[in-house]
Amino acid sequence: PMRWQDRALLILSAVLLLLLIVRVESAQAQQDQWGLELRGDGSSQRSLALNTEINAEVTGLVARIHVTQEFRNTARGWAEAIYRFPLPDGAAVDRMTIEAGERVLEGEIREKQEAVRQYQQARSAGKVTTLVQQERANQFETRLANIGPGERIRVAISFLSPVEFREGTFSLRIPMTFTPRWDHPSPVLMGGFYDETAAAPALTSSNGLDDHYLTLNVDLQPGLSLASIESRYHDVDIHPSLNGYNVFLSDPDTRSDRVFELNWSPAFGGAPESALMTYDAGDAVYAMLMMSPPLAEAISPQPREVVFVIDTSGSMQGTSIDQARAALRQGLGFLSPGDRFNLIEFNSDSDLLFEESVPHYTSYLLEAESWIDSLVADGGTNMAPALDLALNLPRQDGLLRQVIFITDGSVGNEAELLLHIGQDLRESRLFTVSIGSAPNAGFMRKAAEIGRGSHTRVGRIDEVEQRMSQLWSRIQNPAVQNICVDWGMEAEFYPQIIPDLYAGEPLWLYARLPFQPSEVTLCGELEGVPWQQQSRLIAGAGDPSLTTLWARSKIEALEESRIFGVDPEAIREEVTQLALTHGLLTPYTSMIAVDRSPSRPATEPLDGEQIPSLLPAGSTGSIAGFS
């Protein structure tokens, strides 16, 4: 007779074999779900194709971007298209239309669960319907059901996006696809709808495909004279227009496989300037206030006290500590003769190089270089004592203290640390530098905002020199400090903590006011001397987009308040109400459009297909299991 050990081994082998079979079948089902083909009658063919048209209108610091995607069903059956697309940081999605033959449908914002329910009902009833959902931060998904054989349907979404400004240059960035990254599969929920933390966008190479073509036009009205204008990654034609420039792609065969970035540089003057735009929405007046800095050459460099704080905990091992050392060495090189400096490292404990900040002498710099070379990443991440040391060093009379905090932000007590920064900051300024491929960037951005500084991201060792040079150059020239704004009335504005104004980097605020302001007064310190200015109103420059931008700014502030321990359910309720009022797509709201009359006969089946985005230009590797 078989021994019990042998029987147990046989049973275990059978179980393992069964699990292997299930895993293989599950993997095949996942491959079919995310694949590029629909199979039927023993053959396979591409069933859905996609092309994209983008039109952008840039006015000052705001871009209204229209993205139209054309879905074409090339198969013999009815189809449901599923397509994932990225959006710029801070985008506020608020409009959608569908063109299906002679029919035009308008999208409406609904609570997420209600929108999903309406979509499922319309899909089952054979009606043309579209659902747009936010799946992750700045990642959205379009589902379009009941596309008939041979039919073309155009889905147009519209959103507002802030224009970035860095190092004297404005930038409009429109992402077109995703960089692959590993993502674990999750279970299917809600009758075929994937859990939003799991939906991995399909990716494919453009080789051999006759779709994913891109047309793009930009109407640029900068509101000021420009020194230069260029496209970084696409060949474009640029033509002067009545109020600015028209920019469009030169190559008609352009594919959507890389980010589009348009840069333009203004001509700054010798003094700070400001501009005010307003829009009367009836129930309130919405305003956007921009502060433009003077040229760097017009500012006299002020001596500073620079305190470098570096994270040497275990999570910084490997390339992260190499990046941090390189950033510190470069920072020492940017110090001026009148500056003082100090260095602090922290892991489980904190260590201060000098008892108080020292002058910019060669002997001290050599000692600092040797200290940097000796840094080793190990231990825990106890950040609070390091903040204490940096913010409570002996004061250096007449010097502005700038704390440069270099870390991956791998902490769990974010709320405690942010409160700590707010209480102890006083006259110091905190600049955060997030290091590594997956830093706690949300915490780092918020820490810099409370610290009235800025956040810099360094993701790769080859980015250290460029990113840190930009930071050092920027903070060398603080133009206006301790900024205050008198709106002349009660105002709800964002960001609520106003950072300093630095040469080459303007600021802008979004406000909700009870009535039209006659003037807005700005105050602060310009090169250590009290400064005040009345902001000029640009008549007729504001439009309804200001209401959306204000609402988006408030939603971001509400979401960030989670870090301070605010009840997530209370945040959800307030964000949802704000999104429904202003018609915005958020993690808690979706956009739905449904045709009233059925298109697909009840007897016809509906096939589903994930339409892939293109792999980023130059990518050739496998895409399975990535998102």
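Hydrogens, waters and symmetry mates play no part in the numbers below; they use all other heavy atoms, side chains included.
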Side chains of P149 and W78 in contact at under 4.5 Å (non-hydrogen atoms): yes
For E53 and N55: C-alpha separation, side-chain torsions, deciding distance, then whether side-chain hydrogen bond (donor to acceptor under 3.5 Å, both in side chains) applies. CA-CA 7 Å; E53 175 185 335; N55 291 284; 3.1 Å; yes
| said: Under a 3.5 Å distance rule, please check whether N146 uses its side chain to pair with a backbone N or O of K127 as donor and acceptor. | reply: yes
Within-4.5 Å side-chain heavy-atom neighbours: I229 and L262: yes
Heavy atoms of T547 and Y286 approach each other most closely as CG2-CD1, 3.2 Å
Taking the side chain as C-beta and beyond, is there a heavy-atom pair between S553 and P495 under 4.5 Å?
no
One should read off an interatomic distance between I497 CD1 and I483 CD1, to the nearest 0.5 angstrom, of 13.5 Å
Note: I498 and R452 closest approach over all heavy atoms is O-NE, 3.6 Å
Checklist line | Residue pair N246, N217: steps toward the side chain to side chain contact (heavy atoms under 4.5 Å, CB included) verdict | finding: CA-CA 7 Å; N246 289 322; N217 298 278; over 6 Å; no
Residue pairs passing the salt bridge (Lys or Arg N to Asp or Glu O under 4.0 Å) test with at least one member in residues 242-251, sequence neighbours excluded, are none
Closest non-hydrogen atoms of P252 and Y213, given as atom of the first, atom of the second and distance, are O-CD2, 4.4 Å
Within 6.0 angstrom of D253 CG, more than 12 heavy atoms from elsewhere:
yes
| Passes side chain to side chain contact (heavy atoms under 4.5 Å, CB included), L160 versus R552? Steps please. | CA-CA 9 Å; L160 290 168; R552 169 56 64 186; over 6 Å; no
### Message
Within the structure provided, determine whether L105 and T130 are in side-chain contact (heavy-atom separation under 4.5 Å).
### Response
no
Q. Under 3.5 Å, side chain of T432 to main-chain N/O of M444, donor-acceptor pair present?
A. yes
Here the gap from E261 atom CD to I174 atom CD1, rounded to the nearest 0.5 Å, amounts to 10.5 Å
When rounded to the nearest 0.5 Å, the distance separating CD of Q118 from CZ of R110 is 5.5 Å
With sequence neighbours left out, the residues meeting side chain to side chain donor-acceptor pair (under 3.5 Å) with T589 are T586
**Study point:** 4.5 Å side-chain heavy-atom contact, R512 and D283
**Key:** yes
Looking only at heavy atoms, the pair that brings L249 and H234 closest together is CD2-CB, 3.8 Å
Scanning both residues in full, the closest heavy-atom pair of V62 with V163 reads N-CG2, 4.0 Å
Query raised in the report: Is any side-chain N of the basic residue among D219 and R64 closer than 4.0 Å to the acidic one's carboxylate O?
Result: no
One should read off an interatomic distance between L226 CG and T169 OG1, to the nearest 0.5 angstrom, of 10.5 Å
Measuring only between side-chain heavy atoms, which start at C-beta, is Q133 closer than 4.5 Å to S590? yes
Query raised in the report: Regarding R117 and Q121, is there a side-chain donor-to-acceptor distance under 3.5 Å anywhere?
Result: yes
Student check: side-chain heavy atoms of D94 and H582 closer than 4.5 Å: no
**Asked** Heavy-atom distance under 4.5 Å between the side chains of V485 and S535, does that happen here?
**Response** no
If you look only at distance, which donor and acceptor atoms sit under 3.5 Å apart when one is on a side chain in residues 564-577 and the other is two or more places apart or in another chain?
residue : atom : partner : partner atom : Å
D567    : OD1  : E569    : N            : 3.3
T576    : OG1  : R572    : O            : 2.7
Q577    : NE2  : T581    : OG1          : 3.3

Q. What's the verdict on side chain to side chain contact (heavy atoms under 4.5 Å, CB included) for Y245 and V58, showing C-alpha distance, side-chain angles and the deciding distance?
A. CA-CA 10 Å; Y245 302 89; V58 182; over 6 Å; no
The test is side chain to side chain contact (heavy atoms under 4.5 Å, CB included); show your working for M288 and Y279 and say whether it passes. CA-CA 9 Å; M288 180 173 70; Y279 172 73; over 6 Å; no
Taken to the nearest 0.5 Å, the spacing of H66 NE2 from E57 CD works out to 4.0 Å
Hey, what's the ring geometry for F248 with H239, parallel, tilted or perpendicular (30° and 60° as the breaks)? parallel
So does E492 get a backbone contact from the side chain of W550, meaning a donor-acceptor N/O pair under 3.5 Å? yes
Determine the interplanar angle of the F493 and W487 rings, folded into 0 to 90°, and report it as parallel if under 30°, tilted if 30 to 60°, perpendicular if over 60°. tilted
Value for CG (N51) from OG1 (T215), rounded to nearest 0.5 Å, stands at 8.5 Å
Between L501 and M291 the two heavy atoms that sit nearest each other are CD1-O, 3.8 Å
